[in-house]
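Because only heavy atoms are used, hydrogens play no part in the values below, and waters and symmetry mates are left out as well, while side chains stay in.
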Amino acid sequence: MSTGTLYIFCGKMASGKSTLARQIAEQSASTLISEDALLAALYPGEIHDVSSYVHFSGKLKAAMQPVLMDLLRNGTSVVLDFPANTFKQRAWMNNLLKQTDAHHELHYLNCSDDSCKARLKIRAQQEPERHATDTAEMFDAMTRYFEPPSDDEGFHIYQHQ
């Protein structure tokens, strides 16, 4: 049996990662797994800054890793709507790939800060339940840690402007 494909996404907050993830999941008939949805369901109201995000995201990744590996090994393609915005986040995803021999695509959404902040304002109006985390302050805090992917990380990178 062949392995599935892991679709991963890199881009600043509000760059369009989740929108692209949904589109790819529909087009490829793949399983979509959203970090935002899982964190909101498992830890409602508990993520309010970068450190709480890192804490709960780490717990989620630890729980999801064996599930993701099973899916990929069994031939299920996964659209992983978890940010691949730092070298450490991508290393975790790269580890999944090495352990499963899965195919992959890393989609890098290269957007300006101004464009992302404009989208963030629109999203805040459309999804008021995200008001605690979808702020310009949170954008600035998260963007400080952003590291674009590089070719030497070994990913097949598809860049979107």
Do Tyr7 and His104 make a side-chain contact, defined as non-hydrogen atoms from C-beta onward lying under 4.5 Å apart? no
So does Lys17 pair up with Asp81, basic N to acidic O under 4.0 Å? no
Kindly determine whether Glu46 and His48 satisfy side chain to side chain donor-acceptor pair (under 3.5 Å), including the steps that lead there. CA-CA 6 Å; Glu46 296 186 53; His48 47 274; over 6 Å; no
Which heavy atom of Cys116 sits nearest a heavy atom of Ala14, and at what distance? O-CB, 3.4 Å
Side-chain heavy atoms under 4.5 angstrom apart, residues restricted to Ile, Leu, Val, Met, Phe, Trp, Tyr: same cluster for Tyr43 and Val54? yes
In terms of side-chain heavy atoms, does Asp152 have a donor or acceptor partner in Ser150 at a distance below 3.5 Å? yes
Going by heavy atoms in the side chains, are Phe9 and Met93 under 4.5 Å from each other? no
Could you tell me whether the side chain of Asn85 reaches within less than 4.5 Å of the side chain of Glu147, counting heavy atoms only? no
Take Met142 and Lys12 through the side-chain contact (heavy atoms from CB on, under 4.5 Å) test and state the conclusion after the steps. CA-CA 8 Å; Met142 295 299 275; Lys12 295 175 185 173; over 6 Å; no
Is there a side-chain contact between Met13 and Arg123, using heavy atoms and a 4.5 Å cut-off? yes
How far apart are the closest heavy atoms of Arg90 and Ala84, and which atoms are they? NH1-O, 2.8 Å
Could you see if Phe82 belongs to whatever hydrophobic cluster contains Phe139? Use Ile, Leu, Val, Met, Phe, Trp, Tyr and a side-chain cutoff under 4.5 Å. yes
Would you name the heavy atoms of Asn95 and Gln99 that are closest together and state the gap between them? ND2-NE2, 2.7 Å
Considering all heavy atoms, the nearest Thr3-Asp101 contact: OG1-O, 3.1 Å
Between Lys117 and Asp140, is there a salt bridge with N-O shorter than 4.0 Å? yes
For residues Leu39 and Leu68: do they belong to one hydrophobic cluster (side chain heavy atoms under 4.5 Å, members Ile, Leu, Val, Met, Phe, Trp, Tyr)? yes
Does Leu97 belong to the same Ile/Leu/Val/Met/Phe/Trp/Tyr cluster as Met64, with side-chain heavy atoms less than 4.5 Å apart forming each link? yes
Could you tell me how the ring of Tyr108 sits relative to the ring of Phe146: parallel (under 30°), tilted (30 to 60°) or perpendicular (over 60°)? parallel
Answer yes if Met69 and Val79 sit in the same cluster of Ile, Leu, Val, Met, Phe, Trp and Tyr residues linked by side chain heavy atoms under 4.5 Å apart, and no otherwise. no
Grab the two heavy atoms, one from Tyr145 and one from Thr86, that are nearest each other, plus how far apart they are. O-CG2, 3.3 Å
